[in-house]
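Reviewing the structure listed below.
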Amino acid sequence: MSKRRFLVTGALPYSNNRLHVGHITGAYLPADIFVRYLRSNGDDVRFICGSDDNGVAIEISAMKENTTPAELSTRYHNLQKEAFKGLGIHFDIYGGTHQPDYVELHNKLSQDFFKRIHDNGHFVKRTTEQLFDPKANKFLPDRYVKGTCYHKNEQGTICGSSDATGDQCEQCGNSIDPLLLVEPKSVITGATPERRKTTHWYLQLGKFQGMLADWFSLSSLDWRPIVTNFSLGAIKKGLPERAMTRDLSWGVPVPLDDPDAAGKVLYVWFDAPIGYASFTAALCQKSAGNWEAYKDWWQDPDCKIIHFIGEDNIVFHALIWPAMLLGTQYTAEEIEKRGSAYAAPKEKGHYQLPSNVVANAFLNIKFPGKEEEKISKSRGTAVWIDEYLKYLDPDPLRYYLTSNAPENQRTVWSFDDFVTKNNKELIGSIGNFVNRWQKFVTEDFGRKVPSDAKAGELERTLLARVRAVPGEVGEEIEAMRFKSALSKIRETFDECNRYFDASQPWITRKNDLEQCAATVNTCIQAVRTLGVLLEPFVPFGADKIREMLNLPREAWTWPRATEPLPVGHALGPVPEVLFRRIELKDFDVSAS
RNA sequence: GCUGGCGUAGCUCAGUUGGUUAGAGCAUGGGAUUCAUAAACCCAAGGUCACUGGUUCGACUCCAGUCGCCAGCACCA
């Protein structure tokens, strides 16, 4: 089989906060599992991520912390990078849209994108009135205005809630036009905003919807329903135009000669996904001295591009980003002429659309004695990765977040459940099976793979079963069903434990050492296979298994997982425990 | 309000084109065992698959409606 090529991306984390378990289970862990599997399988893959450093929210966060956007974003960029590293999530490159080493290339690519889409006639320039904070010298996006709600209820009385923000009134539930708010105030400075005219460039998304719908019908059959339902629903409603520029100083400058473009930057969601490409370019520059080689990944019909994201990013990755990519290829007239027929570019020179956009739903959280609630940074209802890693190992978290992943619908993090899954499944089933025959192989067989001369029906049945699992698990992973993949592995460990109990080596060791040898041999063969399969999910524990089996890394691959270990092969030393027990009190649960 | 999603054992979740007695783990009760991080193994109990109606030889699975919960509703990311 020739090597397949994949470019896998993890959603760019916004660099104004630390990472919590919701981020990890939403995008990065499934992406890492997928990438580790592909690597193990021998495929050619690049794993791209980095921080999203632009946008108004970072500018305002910096203002509140009395620092600069550059300092703030770099600080969080580094914290996030450390958190990923601690969890064993290894990107080929971790860039940043405004980090010193990446910003130049990122700005260039983003501006090229914008110009091409502009020259292809997909923007409409439009002037509107927006609220402006004269003290902060800033236009105010929705959330940064508060005021009194102007909505009338059925009885004709005014809602009058003084807590309405520029996008929604919590009290009456209606959405708000910030220009109509009574007594508006800037959230940043408290100043009374004034109306000012401003000009922006609006991407005509509606023009792309036929082509996007066609693309969906061709490509999205095996995508997750939360992605396709959302996207097709939005297309059906009609895609509205969206401004792709902002009145800000922090970001990618708008690359037009137009005086109206002066002092404006690209909308953060315009340049963020381009970060995937610009970081790929940075990687190519680093590894081969040729940044333009990023096209070998992005414009190659044989390379599959796969985006892993949280559900809040679906609209950007499944609709706007593909529209942008199409906008670089076709002029507005060409799209008019082609109608809705989508065809992937067959040769290099044009961007390929993503092969899959893999989204997870949200992870809610339940603290002991409290109701289930959303993970919230501001309320402190989160489990932060850097905090977690101070006390506990990465594998239990990876295990729990995968086995309880919100693949199709929202799920709940519970501390009890985390502890139980670790102690009963990860340790009780998996760790236990790797551990429970160590005494025999050490005391009776000198830590060498013993003879399987007396292997019988039980042994053959078990190994046949075990050796079928890599194919099954691989299929599940390729279908993005990580939860199911992991549970297949765990079920196989359960079968191994049943086999061990049925074989009773602790008895045969006293009266039939040959039989005992066959049992231990079978256990070793099973662990040799299953250990490889564990690697994408719990890489730290899997590596301990590999060392215990005394196997080099090149033998630790998916295709070689079913290779038997020869009789007489010397094992490594007895491993320290693979996974440690966890008690609920190990957790500092007083998060709020 | 509009749009979409969800509602399966005490708990957390599966259920892949509608088809024989609806699954797993945990928790519970009983048994058996000792190699193992008091782990593993066997058995039992536990669900009118939110409710109502429809389509069908047959529906948890398709359709309609009702109730409940959640999300999005655009220049926030």
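Each chain gets a letter, A, B and so on, in the order the sequences are listed, and its residues count up from 1. Please read these numbers as outputs of a predicted model, since none were measured by experiment.
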It should be established whether [X] places a side-chain nitrogen or oxygen under 4.0 Å from OP1 or OP2 of nucleotide [N].
X: A:Gln504; N: B:C41; result: no
X: A:Lys483; N: B:C13; result: no
X: A:Lys237; N: B:C73; result: no
X: A:Arg126; N: B:C75; result: no

Look at all strands and tell whether [X] reaches a base, only sugar-phosphate, or nothing, counting heavy atoms closer than 4.0 Å.
X: A:Asp52; answer: sugar-phosphate
X: A:Phe433; answer: nothing
X: A:Arg498; answer: sugar-phosphate
X: A:Lys421; answer: nothing
X: A:Thr411; answer: sugar-phosphate
X: A:Val268; answer: sugar-phosphate
X: A:Phe579; answer: base
X: A:Asn404; answer: sugar-phosphate
X: A:Gly233; answer: nothing
X: A:Lys488; answer: nothing
X: A:Leu578; answer: base
X: A:Val56; answer: sugar-phosphate

Nearest whole angstrom, please: distance from the [atom2] of [N] to the [atom1] of [X].
X: A:Glu491; N: B:A40; atom1: CD; atom2: C1'; answer: 17 Å
X: A:Asn521; N: B:C35; atom1: CG; atom2: C1'; answer: 17 Å
X: A:Leu486; N: B:A14; atom1: CG; atom2: C1'; answer: 13 Å
X: A:Lys424; N: B:A36; atom1: NZ; atom2: P; answer: 17 Å
X: A:Met548; N: B:U37; atom1: CE; atom2: P; answer: 14 Å

query: So what's B:C69 paired with, Watson-Crick or G-U wobble, going by both distances under 3.5 Å?
result: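 Because both required distances fall under 3.5 Å, B:C69 counts as paired with B:G5.
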Rounding to an integer number of angstrom, what distance separates [N] and [M] when you compare their [atom1] atoms?
N: B:A9; M: B:G72; atom1: C1'; result: 32 Å
N: B:A22; M: B:G58; atom1: C1'; result: 16 Å
N: B:U12; M: B:C70; atom1: P; result: 15 Å
N: B:A14; M: B:C60; atom1: C1'; result: 13 Å
N: B:G7; M: B:C13; atom1: C1'; result: 14 Å
N: B:C73; M: B:G47; atom1: P; result: 42 Å
N: B:C62; M: B:G19; atom1: C1'; result: 14 Å
N: B:C69; M: B:U8; atom1: P; result: 14 Å

Checking [X] side chain against [Y] main chain: does a donor-acceptor pair fall under 3.5 Å?
X: A:Lys483; Y: A:Ala405; answer: yes
X: A:Ser503; Y: A:Tyr499; answer: yes
X: A:Arg224; Y: A:Met480; answer: yes

message: Against A:Tyr400, only a single residue in A:Phe579, A:Trp413, A:Phe415 fulfils ring pair (Phe, Tyr, Trp, His ring centres under 6.0 Å); can you say which?
response: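 The single option meeting the ring pair (Phe, Tyr, Trp, His ring centres under 6.0 Å) with A:Tyr400 is A:Trp413.
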From [options], nucleotide with atom closest to [X] side chain:
X: A:Gln409; options: B:C13, B:C35, B:A14; result: B:A14
X: A:Asp501; options: B:C35, B:U12, B:G25; result: B:C35
X: A:Asp417; options: B:A36, B:U12, B:C75; result: B:U12
X: A:Ala57; options: B:A40, B:A36, B:A77; result: B:A77

message: Give me the atom names and distance for the closest heavy-atom approach of A:Leu401 to A:Val21.
response: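 So the two residues come closest at CD1-O, 4.0 Å.
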- prompt: Is A:Arg481 side chain donor-acceptor paired with the B:U16 base, going by distance under 3.5 Å alone?
  reply: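 Looking at the base of B:U16, it does pair with a donor or acceptor on the side chain of A:Arg481 (distance under 3.5 Å).
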message: Under the criterion side-chain hydrogen bond (donor to acceptor under 3.5 Å, both in side chains), I'd like the reasoning laid out for A:Asn422 against A:Arg580: C-alpha separation, chi angles, the key distance, then a yes or no.
response: CA-CA 8 Å; A:Asn422 181 73; A:Arg580 284 186 292 188; over 6 Å; no
- prompt: Any salt bridge between A:Glu476 and A:Lys488, counting N to O under 4.0 Å?
  reply: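 A salt bridge is absent here (no side-chain N lies under 4.0 Å from a carboxylate O).
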query: Is any side-chain heavy atom of A:Ser73 closer than 4.5 Å to a side-chain heavy atom of A:Ser61?
result: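 Not in contact.
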message: Taking the nucleotide of RNA chain B with the nearest heavy atom to each, does A:Val315 or A:Gly238 sit closer to the 5' end?
response: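 Checking each residue's closest nucleotide, the 5'-ward one belongs to A:Gly238.
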